[in-house]
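Note that these values count all heavy atoms, side chains included, but never hydrogens, waters or copies made by symmetry. Within every chain, numbering begins at 1; the chains are lettered A, B, ... in the order of the sequence lines, protein sequences first and strands thereafter.
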Amino acid sequence: MNAPSSSSIAATSIPEAFGGPVGAPVGGAGALREHPLLNGLNEPQKQAVCLPAEHGLILAGAGSGKTRVLTTRIAWLMQTGQVSPQGILAVTFTNKAAREMLTRLSAMVPINVRSLWVGTFHGLCHRLLRTHWRAARLPETFQILDTGDQQAAIKRLIKAMGVDEERFPPRDMMHYINALKEQGIRSGQAEAHDAHTRRKVEIYAEYEAQCQREGAVDFAELLLRAYELLQQDEALRIHYQQRFRHILVDEFQDTNPLQYAWLQLLCGPQTVIFAVGDDDQSIYAFRGADVANMRAFERNYAKGNVIRLEQNYRSHGNILTAANALITNNADRLGKNLWTDAGEGELIRVFQGVSDLDEARYIVDEIRELTREGFSRHQMALLYRSNAQSRVLEHALFQAGIAYRVYGGLRFFERLEVKHALAYLRLIANQDDDTAFLRVVNFPTRGIGARSLEALQVEARQLNSSLYNAAASLTGKAGTAVSQFIRLIEGLRVETSGLTLPEVIDHLLDRSGLRQHYQAEKDGQDRLENLEELVNAAATFADDPEAAHNIDRETGEATSLLADFLAHAALEAGEHQAGDQDEAVQLMTVHSAKGLEFSAVFIVGLEQGLFPHENAMMARDGLEEERRLMYVAITRARQRLYLCHAQTRMLHGQTRYCLPSSFLDELPEALLQRINTVPAWSAGSYSTGWSDAPAVDMATRVSARAAGAAESAGGFHVGQSVVHAKFGAGVILSAEGRGDEARVQVRFGQAGTKWLALAYAKLEAA
DNA sequence: AGGTACTCTTTTTTT
DNA sequence: AAGAGTACCT
C-alpha cells in the first residue's frame, strides 16, 4: 500500500531545534552522552538511547534490555530538551507493555506522563477516532466490536443475506475480512476472480454497511479508519505529523502492513522513528504480522542506521548457544548473535517420556527437586505449544498438591455474564447497536422468541433502521414483550442519567433481571461474583483520573465516561483473573510467554506434529515461524532448561505415536544432558528414579496391546521406531494383515504417513 | 421456551 | 476428550 506522497517516503531528517546537524558523529553529542540516565547501560544500549535525530532500527535480541532502552530513550529525549512530552508517540502491541513503559518512565523522569501518547496501536487509533469522530464519519457513540461480537455480527448478516453458512462459514469470513482490512483493502478494492470470492466480497461490502449503520467498529476497522482519516484529511495529518517529533515503536516485527502504513502517514518531514524489534521473535505472522516491515523500514527509513543489542542479561551460556544454533537454521534473517558473560551454566536437560502422563510425572518430580534446590515456584514455567496440553499437566500438578497458575483462557470482559451486562450498557449508550440488542433482548428470557425477532428484522430492513428503532416503532401493535423491553431500556436511560458509572451498572443489574437470574441459577454463584466485580471494575475505572481522561474531547462527561468504559472493556479484555498465588508454577503457551523470563523452564511436548505443529506446515515459511517460536521458548530460561517429549500422547481422544521434534536435532549434542534413553517400547516403565504413584498408565497399556497379535506383524509392532531406506526414521502407527499381506502404517518425519507392505518395504527396527 | 441428544471440530492470540 | 453449536423433542 502506498501512503500519500506527501508523507510516505523517508524524507531526510531535518535537524531538530536542539539536535545538531543530522548524522553528526556520535562523539558530537558527547555532552549528552554523559547524562545520568545512561548509567549502567552498555555501549550499544547507550548508542541506541542517544541516537541522533534520525530514523533508526534497533535489533534487540531476547533479554538484551529492549524495554529499558526504549524507555530510557524517551526519558533522555525529554530531559535533554530535545522534545516535549507532547511530541512523543510510543506504540506497543499490548496494554501491558504500554503500562510497563509508563511505569518505568515515571520512575525515571518527574513528568506528567499523561501528556505523552503511549499505547497500543488500537488504543491510539481509538483515541484518534473518538477525538475526530465527525471527520472519520462515525457516530459519536460508536462502539467497538470484539472478536466475538464481530463474528456474531457476520453470522447475523450471512443469515439475513440468505447465504449458505456451510459454504461461507462466519469464522472464515471474519478472517477474510480482517485479513483484507489489515492490508488496507476495502470491499470496493478487493480482487475477485471467481464466483465464490465475488460472493465473499459482497458479504464484506454488506458487513461494512451494517457496521456503519450500527455504529460498530471492529478491531481492524479501528486501524483502517484511523489510517483513512489521516490519509484523507490533510490538515489533520499535518497537524499530527508536526506534533509527533519522535515515534517509538516496540515489537516492530509484529506490525502488519496497515500498522506500518499508519506509521508512515504519521511520519512527517520532521518526525523521527525509532523502531525496536527482533526478527527472530516474530511469531505472529499467522495473524497478519509481516517481518518484511523490518527490512522495508531499514531500507527506506533507517538506511543502515541499525544498532544491534546482542548482549543478553538473562540466560546462561549454554542456553544461548542452543538458541543461536537453532535459529541459524532460518534463512533470511537480519542477523544477530546473542552472547553473555554469565558463564556456560548447566547443560540442557532432555527428557523422553513413554507417554504424556509420564512426561507430566517427570515434571512434577523435577519441580519438587527444583524446590529443594531453592528455586521458587513462580520462577518455574511450563511452556507448551497448544493450550490443550495444559490439562495433563494441571492434573498431575493438582494431584501432587503443587500450586500452579494457568495463563490464557477466558478473560474477564469476555465472560458471558459480563458481556450481557455490558450489552445493556451499550444499548444505553447507542441504541443502534444491534449486536448488543440481540444479545440481551431475550436475556434473561422475557418471552421474545425467534418469531418476534424475525418480524423485527424484517421491519428493520424495511425501515432501514436498527432493531431497536424498529421495535420502538412497532411498539403499539407488536405485543407487550418487545415493547416492554424497549420501555426497560428507555427506563434505564432515564433512571441512570444522574448516577455514577458503578451505580448505573448496579442499577442495571437489578432492573434487567440479570442479578435475579443468576441468583436463581444453580451454578450462578461465580457469575454473580463476576457481575459484582464488574461494578467494582467500573468504580476503579471512574476513580482513575488517568483512565478517565484518556481521551481529550470536549463533550459532556457522564456520557463520555460511559463510552470510555465500554471502550476500555473492549480494548483491554481484562487481566486474566485475580487470585494470583505467589508461589505458583506458571503454565502458558509459548506465545504468551514472549517477553517473560523464568529461572527454570520446561518446554513440553517437543514432538513432530505438535511442536513444530503440523498445521503450521501449510503456511508459507511455517516451519521457520515454528522455529522462531522454539527460539522464543528457549530464551525464556535464565538458568535451567528442560526439553521434554513423549512417545505417545492423547490427542483428540486417541493415542498418538510421536517422533521427537526435529528441533531437538538442531541443538548441539554437547549442550544436552539426556536424562534417560528409553529403548523404544521396552516393557513397562522407564529409567529415571521415579518413586511414587503406581504406573498403570498409557505406557503399560500400550505395551500390552502392542504385544498382542492383532497389532503386530512380521516382527514389528505398533509404536515401534523403524527406519526406512528412503523415508528415514518413523513410528509404526498401526498394522494389518498377515504373512505376505502384512502392512504397517508408519509416520515418518519428512515423508508423512505411509502404508508399507512388509514384503516389499525394507523396514528395519531403529 | 427449555432441555437433551447428536455432530463437529480441534494452533498459536492481542486488540 | 471435551466443548461448542445445532437440531429436535417435549
Side-chain angles (χ1 to χ4, degrees), chain A residues 91-98 119-126 144-152 155 165-166 169-172 175 178 181-182 217-224 226 250-251 254-256 258-259 282-289 356 383-392 395 407-411 413-414 416 442-453 481 521 567-576 588-595 605 609-619 622 625-626 628-630 632-633 649-656:
Chain A
V91 202
T92 63
F93 273 83
T94 64
N95 293 301
K96 198 172 146 207
T120 63
F121 277 103
H122 292 86
L124 296 168
C125 286
H126 172 248
I144 300 173
L145 299 184
D146 68 18
T147 314
D149 297 330
Q150 187 187 11
Q151 199 176 323
K155 187 169 180 177
E165 265 187 76
E166 300 273 280
R171 223 177 59 113
D172 294 0
H175 290 143
N178 288 342
K181 285 189 181 182
E182 275 159 13
V217 174
D218 61 48
F219 287 135
E221 184 75 22
L222 283 172
L223 300 175
L224 185 49
D250 193 13
E251 308 276 16
D254 287 335
T255 49
N256 66 34
L258 181 55
Q259 287 160 337
S282 155
I283 54 174
Y284 286 109
F286 72 91
R287 68 176 199 218
D356 45 355
L383 308 184
Y384 34 81
R385 176 67 236 270
S386 68
N387 280 309
Q389 287 171 257
S390 76
R391 191 169 298 136
V392 180
H395 185 74
Y407 286 78
L410 208 53
R411 279 179 296 266
F413 287 114
E414 283 170 359
L416 201 62
N442 197 33
F443 193 94
T445 48
R446 40 177 78 86
I448 301 173
R451 238 175 319 111
S452 354
L453 281 183
E521 207 177 67
H568 168 81
L571 288 174
E572 181 132 15
E575 284 310 287
H576 312 270
M588 67 190 82
T589 62
V590 180
H591 281 93
S592 27
K594 191 164 111 173
L610 189 59
F611 196 1
H613 200 280
E614 53 202 354
N615 293 3
M617 300 311 166
M618 309 298 173
E625 176 141 326
E626 293 291 298
R628 289 192 292 267
L629 201 49
M630 180 69 182
V632 168
R649 180 174 299 278
M650 281 297 261
L651 200 66
H652 309 326
Q654 283 181 326
T655 306
R656 226 169 100 136

Per [X] side chain, nearest of listed nucleotides [options]:
X	options	value
His652(A)	dT10(B), dT15(B), dG2(B)	dT10(B)
Ser592(A)	dT15(B), dA1(B), dT13(B)	dT13(B)
Asn442(A)	dA1(B), dT11(B), dT12(B)	dA1(B)
Asn387(A)	dT12(B), dA1(B), dT15(B)	dT12(B)

Separation of atom CZ in Arg656(A) from atom P in dT10(B), rounded to whole Å: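 The distance from CZ of Arg656(A) to P of dT10(B) comes to 14 Å, rounded to the nearest Å.
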To the nearest angstrom, how far is Asn178(A) atom CG from dT13(B) atom C1'?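 The answer, rounded to whole Å, is 13 Å.
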With hydrogens left out and only the distance checked, is there a donor-acceptor pair under 3.5 Å joining His613(A)'s side chain and the base of dT11(B)?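 By the distance-only test, no, there is no pair.
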Has Ser386(A) got a side-chain N or O lying under 4.0 Å from the OP1 or OP2 atom of dT10(B)?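 No.
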Phosphate oxygens OP1/OP2 of dT14(B): is one of them under 4.0 Å from a side-chain N or O of Arg411(A)?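 Yes.
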Does the ring of Phe286(A) lie flat against the base of dT12(B), closer than 5.5 Å centre to centre with planes under 30°?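 Phe286(A) vs dT12(B): stacking yes.
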What do you reckon, are the aromatic ring centroids of His591(A) and Tyr407(A) less than 6.0 Å apart?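 Ring centroids of His591(A) and Tyr407(A) are no less than 6.0 Å from each other.
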Just the endpoints, please: which first and last nucleotides of DNA chain C, 5' to 3', lie under 4.0 Å from a heavy atom of chain A?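 The contact span of chain A on DNA chain C goes from dA1(C) to dT6(C).
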Any side-chain donor-acceptor pair under 3.5 Å between Asp254(A) and Gln259(A)?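 No, no side-chain donor-acceptor contact under 3.5 Å.
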